[in-house]
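The block underneath contains the structure these notes are about, expressed in structure tokens.
We count residues from 1, following the sequence as given. Since the model is a prediction, treat every value here as computed from it, not as a measurement.
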Amino acid sequence: MHEVGPDQLFFSTTDRLGVITAANAVFVQLSRFGYKQLMGAPHNIIRHPSMPGGAFKLMWDTLEAGQPFCAYVDNLAADGSTYSVLATITPLGADQYLSVRCRPQCVDLRHAAISMYQTTRPLELATRANGITARNAATFGLTRLGQLLNEAGFPTYEDFMNVVLPSEMAIRLSSPQPRRPGATGPAAQLLDATNTLSDALQDWLTRQSRLADVAHNLQLAIPQLRQSMDNALATGKTLTQTESNAFDPVMIWIDLWAQMMPSVENVLNHLTKLLADLRQSCLRTVFQLALTTLHTQAVAQFSVELIDGVTVPDYDENARLAALNVLARALADGYASTQRRVVNNSAMAADTATNVTFAHDLLDVPRQVIAHWSTVADTTSGAAAAKLPKVVEQVRQTDESLALLDDLSHQISAIAQETPATRVNEALRQVLQRMSELSGQPAPYAAEPPTPGTRYDTTA
């Protein structure tokens with residue numbers, strides 16, 4: 001077994017059939033195949049026999065749906081040794097895939113994945129021994145992997161990916177970015193530009209992570225809000241329980257509140273769905289940002305190879321240009337996807353904040369009624385005096401709920417308005433321009449930040 005270095009990033013591209021079409025020098029070194037052996041070979045030339053077919057079926061199902069994929073993978077080198085990677089695969093249009101791999105650093109997450117593989121692979125082999133086809137065995141393996149993921153607390157594999165890649169990138173970003181002080185020329189300029197872009201993307205990622213956290217905290221607050229509403233209604237009813245049948249004006253407000261309760265319940269149900277959708281969209285955005293950051297680091301690795309003169313036999317200028325062009329395309333596509341998601345998240349956050357304000361105003365109705373009663377009630381009477389402590393406590397609880405709603409609503413609004421798209425866009429332009437100068441090819445288009453309020457379909 002040999003290990004991938006903590007600073008090593010390697011990548012390759014394949015066509016729709018999984019045939020390798022480009023690679024960088026680090027991939028050639030780690031796979032221990034010759035460059036010519038890799039070019040035109042199926043990517044499963046490095047497939048390790050311990051890897052379950054279900055994992056690769058899941059990968060192809062995801063890619064064919066147009067979505068990126070990541071997984072912990074054990075690969076088999078040409079000399080029979082094993083090397084472990086975190087592999088990401090990204091569709092580039094309908095005809096190409098880019099795979100960027102790095103050293104796994106989240107030990108617990110990788111161990112969980114490998115344990116699932118070790119459970120699933122023998123079951124697949126047993127079905128094959130019983131005459132089941134490889135395709136059907138992989139389907140069986142995928143079902144078993146899904147069960148194991150669910151048992152581990154991940155309802156879907158996407159949920160697992162949304163934890164894995166950002167967690168891995170957080171560790172990578174905690175280390176210093178590659179520098180080559182004193183280096184000059186186009187490759188050195190590209191390296192500087194990628195470091196600037198990586199910083200800008202990290203800022204964007206942090207903001208989207210915060211938005212997901214606030215949405216989650218609001219989700220957790222919903223049960224407290226429901227309980228506060230129930231308590232308010234119960235407290236209100238106690239205000240009308242007098243020893244006589246005398247008319248009590250408070251009863252009018254309590255009856256109104258009781259009639260509003262079904263509508264308030266609908267508001268909270270709608271808010272719960274909005275928050276779930278917002279959080280899921282933010283987690284997908286964080287995943288995409290982590291992926292784009294990894295691609296940026298792959299460009300930085302490529303720059304370092306150029307500056308340091310890293311090469312392998314048969315790896316000529318044409319090979320470098322092919323790798324550079326596909327990385328540029330991946331960056332431009334990844335940014336466009338991220339940009340759409342961020343804009344959509346801002347619009348969703350604005351909707352959520354509006355609904356939170358509405359829920360706040362509804363919850364404030366019984367609070368005002370109860371607080372008003374406490375100021376006008378004849379507390380010298382035994383009945384009113386007995387009720388007053390409960391009323392005061394209910395007002396306090398309701399105030400806490402309202403304050404929580406206010407705080408979280410303000411957080412959502414503030415984060416949603418923080419859109420550093422201009423900074424990221426300019427940094428990306430610089431990177432693509434430097435890549436164009438190196439390759440001699442036109443730079444891929446980097447879209448301008450869209451108009452605020454624009455909506456996109458980001459359900460997948």
Side-chain angles (χ1 to χ4, degrees), residues 162 166 170 200-232 257 260 263-289 338-371 393-424 449-456 458:
N162 287 345
L201 287 169
Q202 187 174 1
D203 182 39
W204 220 0
L205 189 153
T206 299
R207 295 169 191 269
Q208 290 297 304
S209 295
R210 284 172 52 208
L211 188 55
D213 289 343
V214 174
H216 184 55
N217 289 336
L218 261 172
Q219 281 182 286
L220 297 178
I222 296 296
Q224 177 181 334
L225 299 180
R226 294 182 193 277
Q227 188 61 53
S228 182
M229 288 181 355
D230 291 342
N231 291 346
W257 173 239
M260 290 172 60
S263 297
V264 174
E265 183 69 15
N266 289 337
V267 170
L268 288 185
N269 288 340
H270 180 59
L271 180 58
T272 299
K273 184 180 186 307
L274 282 177
L275 290 167
D277 291 345
L278 174 60
R279 181 169 184 260
Q280 183 65 24
S281 183
C282 287
L283 292 176
R284 287 171 172 162
T285 306
V286 168
F287 175 89
Q288 182 63 59
L289 279 163
T338 301
Q339 191 181 60
R340 289 192 296 269
R341 289 188 180 281
V342 169
V343 170
N344 202 68
N345 291 350
S346 294
M348 292 174 67
D351 288 348
T352 301
T354 298
N355 278 269
V356 169
T357 300
F358 188 38
H360 173 286
D361 291 344
L362 287 175
L363 193 59
D364 196 36
V365 172
R367 189 265 182 210
Q368 292 184 37
V369 171
I370 295 170
E393 173 60 19
Q394 179 56 52
V395 170
R396 185 193 66 78
Q397 291 179 11
T398 304
D399 283 346
E400 285 185 357
S401 297
L402 294 175
L404 177 64
L405 279 178
D406 277 340
D407 179 51
L408 294 176
S409 177
H410 291 155
Q411 287 186 48
I412 280 186
S413 297
I415 297 171
Q417 292 171 9
E418 297 172 348
T419 54
T422 302
R423 180 187 172 202
V424 177
T451 303
T454 304
R455 289 282 194 153
Y456 297 96
T458 57

Would you say [X] and [Y] make side-chain contact, with heavy atoms under 4.5 Å?
| X | Y | answer |
| --- | --- | --- |
| Leu275 | Thr352 | yes |
| Asn217 | Gln411 | no |
| Pro166 | Leu205 | no |
| Thr338 | Val424 | no |
| Arg207 | Val342 | no |

Identify the two heavy atoms, one from [X] and one from [Y], that lie closest to each other, and give their separation to 0.1 Å.
| X | Y | result |
| --- | --- | --- |
| Ser409 | Val356 | CB-CG1, 3.6 Å |
| His270 | Asn355 | CD2-OD1, 3.2 Å |
| Leu274 | Asp351 | CD1-O, 4.3 Å |
| Ala353 | Ile412 | CB-CG2, 4.4 Å |
| Cys282 | Asn345 | CA-ND2, 3.7 Å |
| Leu404 | Ala221 | CD2-CB, 3.4 Å |

Task: Expected output: side-chain His410 to main-chain Asp406 donor-acceptor under 3.5 Å - done: yes
Roughly how far, to the nearest 0.5 Å, is [atom2] of [Y] from [atom1] of [X]?
| X | Y | atom1 | atom2 | value |
| --- | --- | --- | --- | --- |
| Leu283 | Leu211 | CG | CG | 10.0 Å |
| Leu402 | Asp364 | CG | CG | 5.5 Å |
| Leu408 | His360 | CG | NE2 | 11.5 Å |
| Gln208 | Asp203 | CD | CG | 10.5 Å |

Open item on the list: Between Arg341 and Leu289, is the side-chain contact (heavy atoms from CB on, under 4.5 Å) condition met? List the steps.
Closed with: CA-CA 10 Å; Arg341 289 188 180 281; Leu289 279 163; over 6 Å; no
TODO: Assess the side chains of Ser281 and Asn344: does a donor N or O sit below 3.5 Å from an acceptor N or O?
DONE: no
